[in-house]
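Here the structure comes first, spelled out in structure tokens, and everything after it is commentary.
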Amino acid sequence: MTIDRRRHLRDKVIYGAVATRSDSGATRDCVVRNISDQGARLEFGSTVGLPDNLGLTIARKGRSFSANIVWRRATAVGVAFAEAAPASDLDERLRKSEKKQRELKRKIRMLLGEG
């Protein structure tokens, strides 16, 4: 049995993203598999050569993060977000609305006995 040590629940997603090395500016495509306001799980073809700190851009969310790798596997890493790029008021309201929607969907699934 796996114990989840996260402080915040993450939403299961499949978002395309781009990881950027801060030292060279080199980029690698990845897939975001779950995400919260504090971190995410990223999948790569291989994690070999990934630095401990990287930039992460998720186009679908219109957000960029500075991320620190917390754990590594052969093809996946867990990251903690260091800081979010400044966002407009509209972006912030949209994120809050999406978060509220996810919370309500979780409650509905729980009430229906599906989760």
Side-chain angles (χ1 to χ4, degrees):
M1 181 167 117
T2 303
I3 297 173
D4 192 348
R5 297 178 297 217
R6 293 186 201 113
R7 292 183 205 139
H8 304 279
L9 290 175
R10 289 191 180 173
D11 294 311
K12 293 180 181 180
V13 297
I14 300 178
Y15 295 151
V18 177
T20 306
R21 292 182 65 110
S22 57
D23 58 350
S24 67
T27 62
R28 290 177 67 179
D29 292 335
C30 62
V31 175
V32 180
R33 294 305 237 155
N34 63 42
I35 191 167
S36 74
D37 291 337
Q38 287 72 36
R41 177 182 178 190
L42 311 176
E43 289 186 356
F44 294 87
S46 169
T47 62
V48 173
L50 281 178
D52 290 335
N53 304 301
L54 49 88
L56 181 68
T57 302
I58 306 171
R60 184 169 179 180
K61 297 296 269 180
R63 296 189 69 191
S64 294
F65 303 91
S66 177
N68 301 312
I69 294 178
V70 178
W71 57 262
R72 295 173 185 261
R73 304 287 185 277
T75 60
V77 297
V79 298
F81 298 139
E83 60 187 65
S88 71
D89 180 54
L90 182 60
D91 289 339
E92 184 62 28
R93 288 187 303 167
L94 178 61
R95 274 192 294 285
K96 286 180 181 178
S97 175
E98 289 173 340
K99 182 177 180 181
K100 182 71 172 176
Q101 180 185 21
R102 290 189 303 267
E103 290 170 359
L104 290 171
K105 284 182 179 181
R106 277 192 195 116
K107 287 180 183 179
I108 289 169
R109 284 193 306 267
M110 200 165 74
L111 290 171
L112 293 174
E114 297 174 0

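Residues Arg28 and Leu50 form a side-chain contact, since some pair of their non-hydrogen atoms from C-beta on lies under 4.5 Å apart. Side-chain contact between Arg106 and Met110: absent, with no pair of heavy atoms (C-beta onward) separated by less than 4.5 Å.
Taking the side-chain contact (heavy atoms from CB on, under 4.5 Å) definition, one finds that Ile14 meets it with Val31, Arg33, sequence neighbours left out. In terms of the side-chain contact (heavy atoms from CB on, under 4.5 Å) criterion, residue partners of Val70 (sequence neighbours excluded) are, by chain and number, Ala80. Under the side-chain contact (heavy atoms from CB on, under 4.5 Å) criterion, Arg102 pairs with Asp11, Lys61, Glu98, Lys99, not counting sequence neighbours. With sequence neighbours left out, the side-chain contact (heavy atoms from CB on, under 4.5 Å) criterion links Thr27 to Val18, Thr20. Contacts of Lys107 classified as salt bridge (charged side-chain N to carboxylate O under 4.0 Å, His left out), with partners at least two apart in sequence or in another chain: none. Scored by the side chain to side chain donor-acceptor pair (under 3.5 Å) test, Arg21 finds Asp23 as partners (sequence neighbours excluded).
For the atom pair CD of Glu103 and NZ of Lys105, the computed distance is 12.5 Å after rounding to the nearest 0.5 Å. To the nearest 0.5 Å, atoms CZ (Arg41) and NZ (Lys12) are separated by 10.5 Å. Atom CZ of Phe65 sits about 10.0 Å away from atom CD of Gln38, to the nearest 0.5 Å. Note: Ile69 CD1 to Thr47 OG1 = 7.5 Å, rounded to the nearest 0.5 Å.
The nearest pair of heavy atoms linking Phe44 to Asp29 is CD2-O, 3.6 Å. In this structure, Gly45 and Thr75 approach most closely via the heavy-atom pair O-CG2, 3.4 Å. Looking at every heavy atom in both residues, Asp37 comes nearest to Phe81 through O-CD1, 3.5 Å. Closest non-hydrogen pair, Ser22 versus Asn53, comes out as OG-O, 4.4 Å. Shortest non-hydrogen contact noted between Ile58 and Gly16 is CG2-O, 4.1 Å. Looking at every heavy atom in both residues, Asn68 comes nearest to Ala82 through ND2-CB, 3.8 Å.
Applying the salt bridge (charged side-chain N to carboxylate O under 4.0 Å, His left out) rule to pairs touching residues 48-58 yields Asp52-Arg72, sequence neighbours excluded.
Membership of an apolar cluster is not assigned to Val48, as no side-chain contact below 4.5 Å to another ILVMFWY residue is traced.
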